[in-house]
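Below is one structure, written out as structure tokens; the observations come after it.
Small disclaimer: the values here were computed from a predicted structure and weren't measured.
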Amino acid sequence: MATKSDKEPKEDIHPDDIGLVNGKIKKLTRKEVSKMDTREFADHAKRPFIRLLSYVRPYRSRFVAGILFGVFYGLFNAVMIFAMKFVFEMLLPSTKDVVALKIPFYGEKLIPVPELGDAEGVKMAILISLLIPLAIFIRGMLGYLNQYFMMWVGNRVLYDIRDQIFTKLLHHSLSFYSKQKTGELIQTVFNQTRMAQQAGTQLASDLVKHPISIVTMVAMLIFLDWKFAVASLVVFPLCLLPVIAVSNKVRKAGGAEEAEAGMLMVTMQESFAGIRDVKAHAREEFERTKFNRASQRMMEFIMRWRKAMEIVGPLVETVASFGIAAGLIYAKFHDMEAGEFLILYMILIGLYPHAKALSRLQIQLQKCIIATTKVFEIMDKEPEIADKPDAIVVPNPKGEIDLHDVTFSYKKGIPALQDVNLRLEPGKFYALVGPSGAGKSTLFSLLLRFYDPDQGGISLGGHDLRDLKQTSLRDNIGVVNQDTFLFHDTIEANIRYGKLDATSAEIQAAAVQAHAHDFIELQEKKYKTIVGDKGHQLSGGQRQRISIARAILRDAPILLLDEATSSLDTESEKIIQDAMRVLAEGKTVIAIAHRLSTILDADEIVVMEGGRVIDRGPHEDLLKTSPMYQRLYQLQFESHAEEE
């Protein structure tokens, strides 16, 4: 039976476009990678690897220095071999009185063997023997300098990649985050960028150092005894067979490990973020089981990957040992002296670790490229809400807002707002009321340009929000939310978040106006007190007053109050209302309120239902003309009367 692939003709793809979608790097999934042969994987890996090297360009002098020291490290193996051969011939028992030192491109130099019967000979023997530790020290320093420069460049590359991807994530719209798992994003920024950095620097260095070491040692074998070299290296190409045999398994296990690491991060992040709900429902054991399940699967895939990685070494060494055996037979038939064979044997022993490292390199590169493609896919994803190239700064903002036929849907076919028309004048107090799902919070999100309308438009001071720079727009809007978010930092730092260059005096003045100064002074470290994760070391009213102080410090011409007192007790509500009166002076205020008592003095109340504006006007007028407002008013005040 014909398969789907048989029925559909394959599209011709230019080799340079492999691994791209719309000209951008496409993330390689574990399933896709597991089905690729080595050549296909190499084609997909080429572009992300080249792009990784572009991050090295600002540090190319140190990168080149690291590569050169890697080259010198590889070439110095020849010097090591010459030094050891010379020392062995000079000091090991032999019938020779002189040693012919063969120097490439120079010729032979005859050196007398030192006699140990006199002091001068002993001194000479000691000096000659010190050539070995000297050579080892020099080679070690070359390796150190190679590693140092590559690590230096690698850390800078890692910083740049993390900075770029974190900046890109911060500029994505809220719709992007509604579709993503926060834990996976953390995993990408923290761990997969590190894998990408390894592919761009360390692996690039090793791709130079190890091949040069192999070529140098093979050249030395041929130079010293080409027949022995042929006999011992005839099996060398067979060392590639173990690599080919396990490469597909490693690609599959390595990709799976990254996927499970992402799930592990998701489980931790969600458990910590929702720790109150976890404890309230007594679900500690349930979350522990989820975490351990992901951790166990991750460990299984790590073991698969490591087993496949480590088995390459013994297989390569076993294949290589046949070459050593062949060389030994050659030495036996040609009456080779023990010292001469020892040198050739040491070359072989030094050769195969580089071959083994090179074989592992290909496997490590596969895993790194999988992570790299995911990093670049996020980097290449354009934000849904972006500034126009000619976007402008808000000129002389006064707080005048117009909404023209605004329609918006989170999901296609289910409008959250429909044909909304509003004109909000500067310096007035507007209130949005209506049942849940009426579109009040959505309207706030559009005013902040977290989303763009599907139809119609919103303007500030006569300028469409889409023509303004997002930072400029939001700099002119202060927000006080029902669910106040405070950073795990000091009270002072949390207030300063409204104006980053504020002085301590300005922060204290804002706190006084927000009725927060008194409780702050009662704290052990006053303004330097750490508020804890999300500010949970403070009460709800205290957190709200910190948020109001932040908004006062911001001093924006437009103020959005999102049910700022709905979750507070009566005493805290009165304090917050007094603070918000100070905050609202001279500003265009738009408030969402479930407690109608808090917005009775609004200049205009906008009644919403089903994403539409159905009525608007002052409180007294709406009580006479708006059935929806009447119902909301009666429900709320009748319930208060019953409670009393």
Side-chain angles (χ1 to χ4, degrees), residues 399-410 414-448 451 453-460 477 479-482 558-568 570 573-574 576-577 580-581 583-585 587-644:
E400 181 182 347
I401 301 171
D402 286 291
L403 292 89
H404 315 281
D405 301 321
V406 172
T407 297
F408 174 77
S409 301
Y410 292 104
I414 308 176
L417 291 175
Q418 299 184 69
D419 302 319
V420 174
N421 288 279
L422 282 174
R423 181 177 178 81
L424 308 178
E425 297 180 5
K428 290 190 175 182
F429 177 19
Y430 296 88
L432 305 179
V433 300
S436 296
K440 305 183 294 296
S441 296
T442 299
L443 192 59
F444 271 24
S445 294
L446 294 182
L447 289 174
L448 287 162
Y451 305 92
D454 298 330
Q455 297 176 23
I458 304 174
S459 62
L460 173 62
I477 300 176
V479 182
V480 179
N481 289 309
Q482 174 186 1
I558 300 170
L559 180 62
L560 305 183
L561 304 176
D562 189 358
E563 300 180 297
T565 63
S566 63
S567 61
L568 302 178
T570 304
E573 181 180 357
K574 186 179 184 307
I576 298 301
Q577 285 179 337
M580 287 196 296
R581 287 191 188 97
L583 173 61
E585 289 180 4
K587 297 177 173 61
T588 302
V589 180
I590 309 168
I592 295 175
H594 282 164
R595 295 185 184 181
L596 299 185
S597 60
T598 63
I599 48 93
L600 296 180
D601 58 347
D603 294 304
E604 187 170 80
I605 299 172
V606 179
V607 184
M608 301 184 68
E609 183 181 23
R612 297 179 183 274
V613 175
I614 59 173
D615 287 302
R616 56 186 298 183
H619 166 69
E620 296 296 337
D621 291 350
L622 290 175
L623 274 180
K624 299 174 183 177
T625 61
S626 174
M628 171 59 73
Y629 189 76
Q630 292 170 3
R631 184 162 66 87
L632 292 172
Y633 185 83
Q634 290 169 0
L635 285 171
Q636 189 168 128
F637 283 92
E638 284 177 7
S639 64
H640 285 319
E642 290 175 2
E643 289 175 4
E644 292 175 358

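Taking CG of Leu403 as the reference point, atom CG of Leu417 lies at 8.5 Å (rounded to 0.5 Å). Distance check, rounded to the nearest 0.5 Å: CG of Leu623 to CG of Leu632 gives 10.5 Å. Atom CG in Leu448 sits 4.5 Å away from atom CD1 in Ile477 (nearest 0.5 Å). Of the inter-residue distances, the one linking Arg616 atom CZ with Arg423 atom CZ reads 10.0 Å to the nearest 0.5 angstrom. One finds the CD1 atom of Ile590 at 6.0 Å from the CZ atom of Phe444 (value rounded to the nearest 0.5 Å). Separation of atoms CG (Leu446) and CD1 (Ile458) is listed at 4.5 Å; rounding is to 0.5 Å.
Nearest heavy-atom pair, Tyr629 versus His619, reported as atom, atom and distance to 0.1 Å: OH-ND1, 2.7 Å. Shortest non-hydrogen contact noted between Ala591 and Phe429 is CB-CE1, 3.7 Å. Heavy-atom minimum distance, Pro627 versus Asp615: CD-OD2, 4.5 Å. Scanning both residues, Met628 and Val607, for their nearest heavy atoms gives CG-CG1, 3.6 Å. Shortest non-hydrogen contact noted between Asp419 and Arg612 is OD2-NH1, 3.7 Å. Annotation for Val420 and Gly611: closest pair CG2-O, 3.5 Å, computed over non-hydrogen atoms.
Using a 4.5 Å heavy-atom cutoff, the side chains of Glu400 and Thr588 are not in contact. Counting only heavy atoms from C-beta outward, the side chains of Leu443 and Val606 never approach each other to under 4.5 Å. Annotation: side chain of Tyr410 is in contact with side chain of Thr442 (closest heavy-atom distance under 4.5 Å). Between Gln455 and Asp405 the shortest side-chain heavy-atom distance does not fall below 4.5 Å. You'll find the side chain of Asp603 stays beyond 4.5 Å of the side chain of Glu425, heavy atoms only. Side-chain contact between Leu622 and Tyr633: absent, with no pair of heavy atoms (C-beta onward) separated by less than 4.5 Å.
Lys428 places no side-chain N or O within donor-acceptor distance of the main-chain N or O of Ala602, the cut-off being under 3.5 Å.
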